[in-house]
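Any value given below was found using the heavy atoms of this structure, including those in side chains, with hydrogens, waters and symmetry copies removed.
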Amino acid sequence: TIATLLFVSANPKFVEGNVLEVGCDLGLAGLLGSIGAGKIKLEETPTAEEGAAPTKSSAAGDDDILSIPKGTPLSDELKMLTLTDPNPERLDLSFLNVKHSNVPSSKVSMEELNWRKRSISRSAAKVFHTIIASDLDYTYPEAKELAHTVAHRLQAVSSWEIVKGD
């Protein structure tokens with residue numbers, strides 16, 4: 001989980017559009033990764049010397065990584081972070097983590113999703129720009145179902161985006 005949240009934080013381009021965390025457990029990889037990515041995006045904005053208003057990240061005492069300030073930054077490009085888990089009790093704990101994080105509840109949703117079992121939904125599945133999967137147990141049948149979940153939920157990429165790269 002820690003490695004995943006650090007990777008997500010360091011790569012804000014993945015925290016755009018709709019983001020899904022599969023098997024979120026406590027929601028830490030997706031939630032803290034999104035907060036970290038938002039902070040990096042905020043720090044990448046032009047400074048006052050470059051003609052923009054000063055950002056919150058330049059405030060004194062902002063280096064305390066253990067406190068989560070009110071109005072926690074999220075990338076403007078993040079539409080929705082969806083935390084999923086097959087265990088409703090884990091989703092309840094994820095909800096508490098979201099509440100304590102000061103992340104706007106309008107940016108986070110939760111749903112019960114068991115990626116180990118194929119389910120056919122009568123409604124159209126939501127499509128996601130990024131899918132986060134951390135600390136999942138893989139056996140062949142389960143990995144096959146995870147691949148199925150990803151295939152049906154990941155947003156198609158245009159050929160221009162593939163060529164563009166970084």
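Residues Leu74 and Val98 fall within the same hydrophobic cluster, defined by Ile, Leu, Val, Met, Phe, Trp and Tyr side chains chained together at heavy-atom separations under 4.5 Å. Residues Met80 and Ile132 do not share a hydrophobic cluster, clusters being chains of Ile/Leu/Val/Met/Phe/Trp/Tyr side chains in contact below 4.5 Å.
The CD atom of Glu77 sits 10.0 Å away from the NE2 atom of His129 when rounded to the nearest 0.5 Å. Interatomic distance, OG of Ser75 versus CZ of Phe14, reported as 13.5 Å (0.5 Å rounding). The CD1 atom of Ile40 sits 12.5 Å away from atom CD1 of Ile35, with the distance rounded to the nearest 0.5 Å.
The local environment of CG in Leu96 is crowded, with over 12 non-hydrogen atoms from other residues, nucleotides or ligands closer than 6.0 Å.
Judged by distance alone, the side chain of Lys107 and the main-chain N or O of Leu78 form a donor-acceptor pair under 3.5 Å.
The side chain to side chain contact (heavy atoms under 4.5 Å, CB included) test with Asp85 is passed by exactly one of Leu93, Leu91, Asp92: Leu91.
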Cut-off 3.5 Å, no hydrogens considered: what does the side-chain donor-acceptor table look like for residues 17-33, sequence neighbours left out?
from, atom 1, to, atom 2, distance (Å)
Glu21, OE1, Gly30, N, 2.9
Asp25, OD1, Arg90, NE, 2.9

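The minimum heavy-atom distance between Asn11 and Phe7, with the atom names listed, is ND2-O, 2.8 Å.
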Evaluate the side-chain contact (heavy atoms from CB on, under 4.5 Å) criterion for residues Lys41 and Val15: first the C-alpha distance (whole Å), next the side-chain angles of each, then the deciding distance (0.1 Å), finally the verdict.
-> CA-CA 10 Å; Lys41 280 276 211 189; Val15 186; over 6 Å; no
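Contacts of Glu111 classified as side-chain contact (heavy atoms from CB on, under 4.5 Å), with partners at least two apart in sequence or in another chain: Thr82, Thr84, Lys126, Arg153.
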